[in-house]
Amino acid sequence: MAQTPTFDKLKVELHVHLDGAIKPETILYYGKKRGISLPADTVEKLQAAIGMDHPLSLPGFLAKFDIYMPVIAGCREAIKRIAYEFVEMKAKERVAYVEVRYSPHLLANSKVKPMPWNQQEGDLTPDEVVYLVCQGLAEGERDFGVKVRSILCCMRHEPDWSLEVVELCKKYRSQNVVAMDLAGDETIPDSSIFPNHVAAYEEAVRSNIHRTVHAGEVGSADVVRKAVEVLKTERVGHGYHTLEDQTLYEQLLKSNMHFEVCPWSSYLTGAWKPETEHAVIRFKNDKANYSLNTDDPLIFKSTLETDYRMTKEKMGFTQEEFQRLNLNAAQSSFLTDTEKRELVELLHKDYGLPPPVWTESHP
C-alpha cells in the first residue's frame, strides 16, 4: 500500500541542481548511445553506484558526479532532454514553481578551460548549453504545467568562469534565467572573495541580476558573512553554520534573509551531524524565512517527499509550517513581483486560505 503523502499540496522549490536530478534511465541511454562506459547496465545497479544511503564527506559526495557527467556533458540532445525531464519530475511532486541551477561550463566541451570530465574538445559552448537548457525547460513548462526558472552557477574552484556566467545571466534573462549562484567546495580558503567571483557579483548587482550563494553548508559562519557582505547575496544556500555566529544570525533574521534548506542532503553530505539539533529546527522555532529542497535527488535517491517526511517525522513539522515555508519560498523566489503575487495567490487557494491582502510595498 502506498504511503499517504506528507504534504500533498502545491510546493515551491528553490534549491535543486539540474545535473543532480537526472533520470538513471537517461544516463544509461546516453552512455550506450555515445559509447561511454558506466559502472552498471541496469537502473538498479546504476542507482546503487551513484546513490547514497549513508553519510559521506562533501568531497565524497561531489565525486559521484564523476561517474555519470561524462555521459551527459557535451551532448546537445542529452542536455535538452534532462531539462525537459526535470520539469516532468517536478510535476509529479506537485511543485507549482521551481528554480533549477547548473553550471553551463560543466556541461560544455568547447571554449571552457580546464575541460570538464576529461572530455575531448568539441563544439558545445557554455552559451549554447544555456540556450539548450532554456529550450528544454520551456517545453517542459508548456507540457507539464510547472512554472520553472533557472539559475546559473559560478564554481568556487574555477573563478575564471565567473565573469562569463554573469554575462550569460544577462543574455538569457528574457528567457528563463533569473539569477546566479556560487557553488562547489566552500572549504577552499577565501573562495568567496576570489577577485573574479567578487567582480562577477558586483556586475550582477549593477545589472539587477538576482544572487544566491552556497554558504554555511559545511563552511563556517564567516563564509555566510562574506556571501552577505561582499557578494551581496539575496538568499543563502543551506546556511546551517550561520548559527555559530548569533550576531550574524540575528542580523539575517531581522533582514528576512531566505535560507534554502536541504535536510536529507545535509544528512548524507555530513553537513549536519544527526546527534545535534538540525539548524532547520531553530529556523522553524524562530519563524525564519526558509524553504525545503532536494538539492541532488538523483544522488540522494530522494524526492521532495523525502525531505517533508524527514522534517515531519523527526523534527515535529506541521502542515501549518509546511504552508508557511512554501509561502515564504514563493515570496523569496526570483520571479517578478507580479508573478510572485500570482504564485502566492495560487498557493493560498490550494491551501484553503483566505486570499492574501497586498500593500503597496509588498509584492
Take atom CG of Asn118 as the centre, draw a 6.0 Å sphere, and report whether it contains more than 12 heavy atoms from other residues, nucleotides or ligands. no
Less than 6.0 angstrom from the centroid, inside 45 degrees of the normal: does Lys284 satisfy that with respect to the ring of Phe317? yes
Can you list the residues that meet the side chain to side chain donor-acceptor pair (under 3.5 Å) rule with His214, with sequence neighbours excluded? His15, His17, Asp181
The ring pair (Phe, Tyr, Trp, His ring centres under 6.0 Å) partners of His241 (sequence neighbours excluded) come to none
I'd like to check the side chain to side chain donor-acceptor pair (under 3.5 Å) partners of Ser162; sequence neighbours left out, ordered by chain and number. His197
Working to the nearest 0.5 angstrom, can you tell me the gap between Ser110 OG and Met115 CE? 7.0 Å
Within 45° cone and under 6.0 Å: Arg235 NZ/CZ vs Phe334 ring: yes
Partner set under side chain to side chain donor-acceptor pair (under 3.5 Å) for Asn256, not counting sequence neighbours: none
Any salt bridge between Arg341 and Asp337, counting N to O under 4.0 Å? no
Residues at least two apart in sequence or cross-chain that pass side chain to side chain donor-acceptor pair (under 3.5 Å) with Ser332, listed by chain then number, are His258, Asn289
Non-hydrogen atoms of Pro159 and Asn196 that approach each other most closely: O-CB, 3.1 Å
A cation-pi test, strictly: NZ or CZ of Arg282 under 6.0 Å from the centre of the six-membered ring of Tyr249 and no more than 45 degrees from its axis. Yes or no? no
Is Ile188 isolated, or which residues cluster with it under the ILVMFWY side-chain rule of less than 4.5 Å, directly or via members? Phe194
Salt bridge check: are Lys111 and Asp127 linked by an N-O gap of less than 4.0 Å? no
